[in-house]
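Data first, discussion second: the structure below is written as structure tokens.
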Amino acid sequence: MTISIFDLLRVGIGPSSSHTVGPMRAARRFVTEQLASPEALARTESVQVDLYGSLSATGRGHATFTAVLLGLEGWDPETILPEQVDSRLAAMEASGRIQLAAQSAAAPHEQQDDAGAQEAGKEIPLRVEDFIQRPLTVMDRHTNAMTLTALDAGGEQVAKEIYYSIGGGFVLSESDAVASDASLGEALATPDAEVPYPFTTAAVLMEHCARSGLPVSRVMLANERALHLARHGGTAEEADAEITRKVLHLWQVMEECKNSALEREGHLPGGLKVRRRAPDWHARMWKDDPGRTHAYWQEWVNLVALAVNEENASGGRVVTAPTNGAAGIIPAVGFYATHYGPGASYCGEEEREDIAVRFLLTAAAVGVLYKEQASISGAEVGCQGEVGSASSMAAAGLCEVLGGTANQVENAAEIAMEHNLGLTCDPIAGLVQVPCIERNAMAATKAVNAARMALMGDGDHRVSLDEVIVTMRETGKDMSSKYKETALGGLAVNVVEC
Ligand code: SF4
């Protein structure tokens, strides 16, 4: 399969792509596929949820349990609104019941209100004993595993499936893996349309750029066009227009996410008493730098990263880029690209959108390399896979829009990851707040520096991007599980929660 930009960058809800978005998708998939027949749904009187490894260890702080409940009702993380999350969870708590599969038959834009949902689904009790936590059991295929079992009134099994949340909101079932007779990576690689520039390594991507004379973003666009035409037909112009529209939609959601955070005061949820800083910083920045001068670029980049991650930590709407925990880096560096890039200070909306599209396409091309050769899952390789990958993607995108050659783009991506190697995942209380929020700001400014350093050279460099990606994967393998989204090591155990 060719991984698309729309696989890597997707709209979801916070705070975690692997622990919130993935489990919600898995539960929705369970009711949609396993309980699709009216008979199976009618027989089901309860659903047992077994959470394993990291999903169990940090499930509470990452809102995994509530995400599963919403998924069992059939809600889609891509379309559910934050206010719908709040209202459904309040209704579940008040009634002690959930509306199993109530939303699953509805097209996303048709998701129903509470009254309509009650008629469509099957009401079952919400019981604490149906959630079984197994933090010390790590499944062979992936640490983020969950089993969903539908049971009838007599406790007999109606349906059962194992799901793996493999990072960035990607979900695979045991059946997917068995059908492909192999690893989860291979299970993901289902046959798809042929693309003009297939690549899984940076070396091959660079070869395509050299032979075609195209920048990385155009190579990525050509592949997206082929995927679009194979799935939807039409002309190349129509395909390009639709791809551009969808990429700009992602950009728009990133903007809205940042803007929403700037309106919210107070503390983040979860009990850590972390104060939201984005609104205050924003007010101060407009005072200190009303003209958006280049001297303040770092403060603005920090602010955007902080804002997006505060929104994510509040369960708000974000773009997984490539994960929720690292969702602030690409928007923050994109802000730099569209405000401080060549001509950005006087360019119009159309030019700014063109910069955003090229920036995101290039970033996604590098994201493909991490997904193909390593992992973007903190539970698998630590934070280097989340924040490190996002920093590398952002550096590549920025380098291209600042006029870098393909080799300089590869160099920028390599520099950014090289200095994120070994980054552990140790969120305090299992919440995606400390160190995650500031870490996004640090990684965003690192990405800007990586792009600038690459632009000072000619693209020739000692360590290749592929070598760094493989090193990240191997470092992740060697890393103790304490530092892989279990909240059992690092800051998570050395700082008193509150
Ligand atoms: S420390 Fe990094 S990998 Fe872990 S939850 Fe935070 S952002 Fe995600």
Side-chain angles (χ1 to χ4, degrees), residues 12-23 53-64 67 142-144 165-170 268-270 272 274 305-306 308-315 318-332 367 370-371 374-394 416-417 419-444 446-447 472-473 475-476 479-495 497:
I13 55 166
S16 167
S17 43
S18 54
H19 288 57
T20 316
V21 175
S54 172
L55 273 193
S56 173
T58 57
R60 185 176 66 87
H62 286 55
T64 304
H142 199 282
T143 177
N144 282 340
S165 179
I166 63 172
F170 283 80
L268 295 171
L272 263 190
V274 174
L306 233 67
V308 171
N309 284 82
E310 286 180 1
E311 188 67 5
N312 178 60
S314 324
V318 300
V319 175
T320 63
T323 64
N324 281 35
I329 297 163
I330 288 179
Y370 285 100
K371 192 77 191 141
S375 170
I376 56 169
S377 163
E380 219 174 336
V381 292
C383 197
Q384 53 172 0
E386 294 204 12
V387 160
S389 299
S391 185
S392 180
M393 293 164 67
M417 175 49 88
H419 303 289
N420 276 300
L421 286 175
L423 197 61
T424 59
C425 170
D426 53 354
I428 298 176
L431 294 162
V432 192
Q433 297 179 8
V434 184
C436 321
I437 296 173
E438 285 179 3
R439 187 167 286 176
N440 272 251
M442 298 301 292
K446 201 181 276 190
M472 187 271 270
R473 185 187 70 208
T475 305
M479 203 180 269
S480 161
S481 63
K482 286 198 292 186
Y483 302 109
K484 294 196 268 193
E485 218 157 351
T486 55
L488 294 174
L491 285 173
V493 295
N494 288 309
V495 176
E497 286 181 22

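Order of listing sets the numbers, starting from 1, for every ligand and every atom in it.
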Among all residues two or more places apart in sequence or in another chain, which pass the side chain to side chain contact (heavy atoms under 4.5 Å, CB included) test with [X]?
X: Lys484; value: Met479
X: Ser314; value: Arg264, Leu268, Pro269, Arg276
X: Ala444; value: Val301, Ile329, Ala332, Val333

Side chains of His419 and Ser391: do they bring a donor and an acceptor to under 3.5 Å? no

Side-chain contact test, heavy atoms from C-beta onward, threshold under 4.5 Å: evaluate it for Asn144 versus Ser377 and give yes or no. yes

Given the options Asn324, Thr58, Thr323, Thr64, His19 meets side-chain hydrogen bond (donor to acceptor under 3.5 Å, both in side chains) only with Thr58

Going by chain and residue number, what protein N/O/S atoms come nearer than 2.8 Å to atom 2 (Fe) of ligand 1? Cys383 SG

